[in-house]
Amino acid sequence: GLVKFSGIDHFIFDIAENKEDNFEKIIDSVKNYLSDKDFSAFGIMFFERENLSMKPYVYVKEVESGIFENSCASGTTALGYYLKKYKNLDRAKIVQPNGWLEYIIENDEIIYPYIDEENSKDNISKNFKITEEIQSEKLLPSERLNNNIEAIKVLKNLKEREATDDKKITLSKYVGWGGLADVFDENKGGQWEEARNFLKENLTQEEYDNAKASTLTAFYTPKIVIDSIYKGIQQLGFKGGNILEPSCGVGNFIGNLPDELEKSKIYGVELDSISGNIAKKLYPESNIQVKGFEKTEFSNNSFDVVIGNVPFGDFKVMDREYEKQNFMIHDYFIAKSLDKVKKGGIMAFITSSGTFDKKDDSVRRYIGERAELLGAIRLPNDTFKGVAGTEVTSDIIFLKKRENINKEEQDWYSVKADSQGLVYNQYFVNNLDMVLGKMEEVSGRFGKTLTCVPKENSNLKDELEK
């Protein structure tokens with residue numbers, strides 16, 4: 001059946017009548033049917049007559065992306081009209097992943113669906129909101145370890161069910177395995193061995209291997225940094241729209257979305273299945289895809305803002321579209337994100353200081369030809385220590401996508417020596433007020449490295465607000 005509303009067409013798919021359970025095939029068939037028609041969105045209500053249940057799917061043409069929703073009021077309304085006309089059923093409770101919605105039709109007019117109050121009182125279909133009380137900026141390794149274990153327990157127990165508010169609080173404290181390599185060291189006993197045994201018993205081999213591999217790359221973003229990025233894009237004029245976070249982790253950027261931007265639609269992508277599925281439980285109103293960024297099908301020039309903390313590593317992503325550039329993973333994420341944001345749109349992301357400081361300027365030139373640098377902030381190396389247990393120098397970079405390719409030379413393509421003879425990006429040498437620490441050479445495992453050491457008695461939150 002097909003029920004047309006203003007702005008969206010709803011297709012009612014009776015699973016029992018069609019003897020077909022390949023949802024992807026059905027979705028593709030609807031896309032093909034609409035390919036030569038003018039539409040902005042469509043919904044498919046996968047309906048089971050026997051138990052009056054449905055699984056709603058909604059596709060938005062603008063970003064060429066769809067999501068299975070936890071409940072759908074307009075879809076319930078459409079199904080109500082369908083069941084009244086073809087099954088003479090003028091009232092029913094329709095079971096959906098988040099509970100049920102009831103429709104009532106009187107004199108061929110629908111009474112807006114009643115909501116299952118049992119589920120709505122816990123707001124389980126609403127996005128979670130992170131507060132300072134929930135997510136501490138500084139945690140001991142043992143606290144991070146315990147939070148991770150508790151979050152995994154909740155996730156595995158929930159299975160297909162949605163998370164209530166108390167469960168969401170536990171899930172939101174998952175911080176990944178950055179800085180927790182001892183868990184995967186077979187020679188470590190005590191709490192590390194206990195955690196290791198738990199993970200081996202409760203994770204798939206792939207999940208365990210991914211967690212182990214992420215100890216040097218998975219560093220979740222502190223709330224104060226996220227808040228400052230949102231403040232920055234608002235100061236640049238962003239008032240709401242479609243936001244893409246191409247490496248969303250458990251969704252900290254979604255959970256910290258300011259109230260002024262709450263009407264924005266956030267699309268998140270996360271490769272790691274544990275983190276990605278936690279994000280789906282925490283943010284049912286957002287479109288979270290658990291897959292590699294290279295496997296997404298978002299249209300170019302479709303997002304108002306791209307935001308996030310790009311993954312870092314000495315490896316490449318297989319994506320035919322970017323084969324010629326031979327990008328490392330962090331550079332690849334920046335380049336692909338630039339294609340996805342609209343012309344004139346904003347990109348605000350955290351990346352390793354290497355993006356700005358490496359001698360080879362080819363990546364900076366690639367970025368600068370396609371986007372105007374609006375500003376950058378160099379963070380002190382202890383920024384991620386509280387939530388990820390690591391010291392790493394990183395930058396927040398704000399870009400505005402150009403209308404056309406610009407080949408003009410830019411100052412920030414170059415590195416140069418400061419007054420101490422230390423060599424790093426010319427932008428920061430010329431704008432030391434944007435360096436929230438002191439640049440120093442320190443000795444490490446691989447010899448001397450340049451790092452941004454925090455200022456004595458400084459407060460990062462105050463520094464970011466300046």
Side-chain angles (χ1 to χ4, degrees), residues 130-145 147 175-176 178-182 215-232 235 252-253 256 309-310 312 348-358 373-398 411-412 415-466:
I130 294 173
T131 64
E132 290 181 6
E133 293 76 25
I134 290 171
Q135 203 170 76
S136 175
E137 296 295 341
K138 293 184 178 179
L139 293 170
L140 296 171
S142 59
E143 292 174 308
R144 297 200 307 276
L145 176 64
N147 286 349
V175 294
L180 293 173
D182 284 353
T215 57
L216 295 176
T217 58
F219 305 119
Y220 289 9
T221 314
K223 178 175 173 59
I224 54 172
V225 175
I226 295 172
D227 290 344
S228 72
I229 291 175
Y230 277 125
K231 185 177 179 182
Q235 289 172 344
N252 284 353
F253 275 87
N256 284 289
N309 187 343
V310 298
F312 185 80
F349 58 90
I350 302 159
T351 183
S352 158
S353 59
T355 300
F356 260 37
D357 287 358
K358 56 188 170 189
L373 177 66
L374 300 175
I377 301 167
R378 176 142 294 177
L379 298 169
N381 65 2
D382 65 346
T383 300
F384 293 87
K385 192 171 183 178
V387 293
T390 187
E391 292 190 354
V392 58
T393 300
S394 52
D395 300 329
I396 304 173
I397 299 172
F398 293 90
D411 287 346
W412 65 279
V415 295
K416 75 172 190 180
D418 66 6
S419 58
Q420 302 174 77
L422 301 174
V423 178
Y424 49 99
N425 193 276
Q426 185 168 328
Y427 174 85
F428 289 121
V429 175
N430 294 345
N431 298 276
L432 287 173
D433 58 318
M434 304 305 284
V435 179
L436 307 187
K438 184 182 178 184
M439 297 302 296
E440 290 183 3
E441 267 192 345
V442 298
S443 297
R445 286 185 300 168
F446 306 107
K448 288 188 175 181
T449 57
L450 194 61
T451 188
C452 183
V453 179
K455 299 173 185 173
E456 281 189 32
N457 303 317
S458 66
N459 181 291
L460 182 59
K461 187 175 183 179
D462 295 340
E463 292 283 333
L464 286 167
E465 288 178 352
K466 286 181 182 178

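Residues take their numbers from the sequence shown, with the count starting at 1.
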Do you know the tightest heavy-atom contact between [X] and [Y]?
| X | Y | value |
| --- | --- | --- |
| Leu432 | Val429 | CG-O, 3.7 Å |
| Arg144 | Gly178 | NH2-O, 4.2 Å |
| Thr355 | Thr351 | OG1-OG1, 2.8 Å |
| Thr393 | Cys452 | OG1-N, 3.0 Å |
| Lys223 | Ile130 | NZ-O, 3.5 Å |
| Tyr427 | Gly375 | OH-CA, 3.5 Å |

Could you grab the distance from atom [atom1] of [X] to atom [atom2] of [Y], nearest 0.5 Å is fine?
| X | Y | atom1 | atom2 | value |
| --- | --- | --- | --- | --- |
| Asp462 | Leu436 | CG | CG | 11.0 Å |
| Ser228 | Gln235 | OG | CD | 10.0 Å |
| Asp182 | Ser142 | CG | OG | 12.0 Å |

Who passes side chain to side chain donor-acceptor pair (under 3.5 Å) against Tyr230, sequence neighbours left out?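 Scan of Tyr230 (side chain to side chain donor-acceptor pair (under 3.5 Å), adjacent residues dropped) gives none.
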
Residues that Asn309 engages under side chain to side chain donor-acceptor pair (under 3.5 Å), provided they are two or more places apart: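 By the side chain to side chain donor-acceptor pair (under 3.5 Å) rule, Asn309 matches Thr221.
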
What do you reckon, is NZ of Lys438 surrounded by more than 12 foreign heavy atoms closer than 6.0 Å?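 Counting other residues, nucleotides and ligands, NZ of Lys438 stays at 12 neighbours or fewer.
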
Does atom NZ of Lys455 have more than 12 heavy-atom neighbours, drawn from other residues, nucleotides or ligands, at distances under 6.0 Å?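 Enclosed.
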
Can you find a pair of side-chain heavy atoms, one from [X] and one from [Y], that are under 4.5 Å apart?
| X | Y | answer |
| --- | --- | --- |
| Glu440 | Leu450 | no |
| Leu373 | Phe398 | no |
| Pro141 | Leu180 | yes |
| Ser352 | Val392 | no |
| Ser353 | Arg378 | yes |

Would you confirm whether [X], through its side chain, and [Y], through its main-chain N or O, come within 3.5 Å as a donor-acceptor pair?
| X | Y | answer |
| --- | --- | --- |
| Asp418 | Gly421 | yes |
| Glu143 | Leu140 | yes |
| Asp395 | Ile397 | no |
| Ser443 | Lys448 | no |
| Asp357 | Asn425 | yes |

Verify the ring-centre separation between Phe356 and Phe428: is it less than 6.0 angstrom?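 Distance test on ring centres: under 6.0 Å, yes.
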
Walk me through it: do Ile350 and Phe384 pass the test side chain to side chain contact (heavy atoms under 4.5 Å, CB included)? CA-CA 11 Å; Ile350 302 159; Phe384 293 87; 4.0 Å; yes

I'd like to know if Asp227 and Lys231 make a salt bridge, using a cut-off of under 4.0 Å between side-chain N and carboxylate O.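 The answer is no: the pair does not qualify as a salt bridge.
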
Under the side chain to side chain contact (heavy atoms under 4.5 Å, CB included) rule, what do Val415 and Tyr424 come out as? Steps first, then yes or no, please. CA-CA 5 Å; Val415 295; Tyr424 49 99; 5.8 Å; no

In terms of side-chain heavy atoms, does Asn381 have a donor or acceptor partner in Thr451 at a distance below 3.5 Å?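 There is such a pair (donor and acceptor under 3.5 Å, judged by atom type) between the side chains of Asn381 and Thr451.
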
Quick one: do Ile224 and Leu460 satisfy side chain to side chain contact (heavy atoms under 4.5 Å, CB included)? Show the steps, please. CA-CA 8 Å; Ile224 54 172; Leu460 182 59; 3.6 Å; yes

Show your reasoning for whether side chain to side chain contact (heavy atoms under 4.5 Å, CB included) applies to Glu463 and Ile377. CA-CA 10 Å; Glu463 292 283 333; Ile377 301 167; over 6 Å; no

